[in-house]
Protein chains: 2
Amino acid sequence: MTQSVPRSERASTPRSVDVARLAGVSQKTVSRVFNDEPYVSADVRRRVMAAADELGYRLNSAARALASGRTRSVGVVTLGTALYGPASLLMGIERAVRDAGYALRVVNTLEGDPAGVTGAVESLLDQGVDGIVISEPIDEGAVAVQVDVPVIVLGASPSFVAPRAVTAGVGADLLARVATEHLLDLGHETVHHLAGPQRWFAARDRLDGWRAALAARGRREPAVVEGDWSAASGYAAGRQLAADPGVTAVFAANDDMAIGLIRALAEAGRGVPEEVSVVGFDDIPVAAFVTPPLTTVRQPFDAVAQEGLRLLVHAIEKPEQDLPPANDPPVELVVRASTAQPRSRTIPGRDR
Amino acid sequence: MTQSVPRSERASTPRSVDVARLAGVSQKTVSRVFNDEPYVSADVRRRVMAAADELGYRLNSAARALASGRTRSVGVVTLGTALYGPASLLMGIERAVRDAGYALRVVNTLEGDPAGVTGAVESLLDQGVDGIVISEPIDEGAVAVQVDVPVIVLGASPSFVAPRAVTAGVGADLLARVATEHLLDLGHETVHHLAGPQRWFAARDRLDGWRAALAARGRREPAVVEGDWSAASGYAAGRQLAADPGVTAVFAANDDMAIGLIRALAEAGRGVPEEVSVVGFDDIPVAAFVTPPLTTVRQPFDAVAQEGLRLLVHAIEKPEQDLPPANDPPVELVVRASTAQPRSRTIPGRDR
DNA sequence: GTGAAAGCGCTAACAG
DNA sequence: CTGTTAGCGCTTTCAC
């Protein structure tokens, strides 16, 4: 009897029919129970669950995705660095995605990767995702991908062109502004900026915030020094800034650079905060324990991720509705010992 | 005429039949081309590709997974922290997974999460993955999950019980041993250890390596101080250790703690490295720029991830074969300024 | 409240 | 080298 021999000797992994048979219901009812659909009597529900439990049944997500056309997953494109900022954001995104009931797929773009964001997005599309998060992108010129799922860009990128792309700021500009104002409030005439690499939108945001703070008070805007986020680049910048006696306050675009900067300043005999005040950005774990403890602003990664995901999920599940209004992320300045009043206070003028 | 009206007004997204029709071949041939199967003439291949391109065709991974029984994805369970070590490992894993031709799905277990690793693994199983990587697990007691896919535990965990579970060390014990020996070689009679939380296997490995180095030279083993990876805990430990004049060398289980420790030591008037030498672990980005620049050991995250993935992919694709032999990850000690000879050298004895 | 039938878009197995 | 025939395990649609 050569009747329906299964394609392989698939021994195990029960399917919903098996559960149905055991529970004495139809396969469709099992499906209803597992999807929390209404109109299933409590009793049937219980029987189905018991049967499923006994068999060790697990919904097959591939079959579900095929039949429903939805994967219940979102993909995230990250930069592939373990830098504190991007890594923290990624963790926040994971949590937000899971809380929203989706699965997370991750693809990195390494800086300098020829395929870049486009390649990463393509790969996500190949995998099948219901939505895409682009985290802290860098400027690769205009990126235009034919995407039919909603995309949210966390950290400003007017350069991503897609039918359903939304941009959600991470509030870095505001944070940068607060950092700069802190220095100004202390009595510094102006504030220098040690910027991040300007290919990163995150770095541009911070620069914008710094610039806005200065402009709002009519202060002169010193030349920007650009680093690459690393402490080494901060150190190099520090050697350069140390030579300029006009420098009394510096806002660094991240804590790593701030730490390198402080070291160079100290080596050059310009004590922090006695001669130069420094504010960092991120509040990395060691910020409170370096010498001197670093004044910095903390980024609300979790809040940003949640907010972004709220928008994305909305776009996925209610495509016909308008996007809900965005909430501003909280701002937190952490004042420690790397900032102080300028040594020789004069009445703060508008010029030196 | 109410003939075959599609279930929705599915407008677009071409399927392989559409490509086949356009290319003038059978659907199966399209499948062959997209799977790089042999025995397709170059000409047909070209025509199919052209047709696919024209239509903007993309293989449907859900259908593929359903039909083939393989998802071509691996899941990773991480701890959900942005700590430098775990975050770096995750980035390494992403790269290794992608290089191996798989997609990556990520689920975090937050420490203290009731569901823990078990819950994370279940969630991955629900999503459907061909293999699972458990990254830097912590001890939650014996974890036994009914898993039918291969599992690799990166960072030693005899507590994970599954039919096809492999453990791949990250070499932390060896690195810890090298760090300790560096201090001993400098002439310190013994080395104290500022350990990580012992629920983490990563912390235990380091402790083991430290212990082994001491034992190999017959040195006394001082009481261990345990921190929680944070600089704050390192600081607390530092206050405690500063009070003990017998402490001349400390091996800290990560750089963050080492930095907190150094600060506490300095505040207590015990200069580093004049009075106390300190070695860290990880080589975080700022390690070279704190005061004093930190001697530390660098973890070979990429190598560990690659090695682990090699084993996992082998287990997935050649389940019948034995696992290939493991390669040892490289060891790299970075000597900077936080370590020196003990101040008053006596002939190194075996006891005080 | 529940069930039967008809696919979702692909790969497996085998025939040519 | 290429095509045909069956499903993979679920959701959808519609009937009861």
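Just so it is clear, the model here is predicted, and its values are computed rather than measured. Lettering follows sequence order; numbering is per chain, from 1.
Contact check, A:Thr29 against C:dT2: no side-chain N or O comes under 4.0 Å of OP1 or OP2. Residue A:Asn35 has a polar side-chain atom (N or O) positioned under 4.0 Å from OP1 or OP2 of D:dT11. Taking side-chain N and O atoms only, B:Ser68 has no distance below 4.0 Å to OP1 or OP2 of C:dT11. Considering only side-chain N and O atoms, A:Tyr57 lies under 4.0 angstrom from the phosphate OP1 or OP2 of D:dC10. The side chain of B:Ser26 places no N or O atom within less than 4.0 Å of a non-bridging phosphate oxygen (OP1 or OP2) of D:dT2. Taking side-chain N and O atoms only, A:Ser16 has no distance below 4.0 Å to OP1 or OP2 of D:dG9.
Ranking D:dG3, C:dG7, C:dG9 by closeness to the B:Ala67 side chain, first place goes to C:dG9. The side chain of A:Ser41 lies closest to C:dG1 when the candidates are C:dG1, C:dC10, D:dT12.
B:Asp99 and B:Arg95 are not joined by a salt bridge, as no carboxylate oxygen comes within less than 4.0 angstrom of a charged side-chain nitrogen. Ion pairing of A:Arg72 with A:Asp130 is absent here, as no side-chain N (NZ or NE/NH1/NH2) approaches a carboxylate O to less than 4.0 Å.
Remark: P of D:dC10 and CZ of A:Arg70 are 17 Å apart, rounded to the nearest angstrom. Here the P atom of nucleotide C:dC8 and the CD atom of B:Gln27 are 12 Å apart, to the nearest Å. Distance, B:Glu37 CD to C:dC10 P: 14 Å, rounded to whole Å. A straight line from OH of B:Tyr39 to C1' of C:dC14 spans 15 Å, rounded to a whole angstrom. As rounded to whole Å, 18 Å separates atom P of C:dC8 from atom CG of A:Asn60. Rounded to a whole Å, the CG atom of B:Asp126 is 12 Å from the P atom of D:dC10. Note: CZ (B:Arg64) to P (C:dC8) measures 20 Å, nearest angstrom.
Taking the nucleotide of DNA chain C with the nearest heavy atom to each of B:Arg58 and A:Val44, the more 5' of the two is matched to A:Val44.
Judged by atom type and distance alone, B:Arg32 reaches the base of D:dG3 through a side-chain donor-acceptor pair under 3.5 Å.
In this structure, the side chains of B:Ile134 and B:Val117 come closer than 4.5 Å at one or more pairs of heavy atoms. The side-chain heavy atoms of B:Arg105 and B:Val74, taken from C-beta on, include no pair separated by under 4.5 Å.
Donor-acceptor pairing under 3.5 Å is lacking for the side chains of B:Ser61 and A:Gln127.
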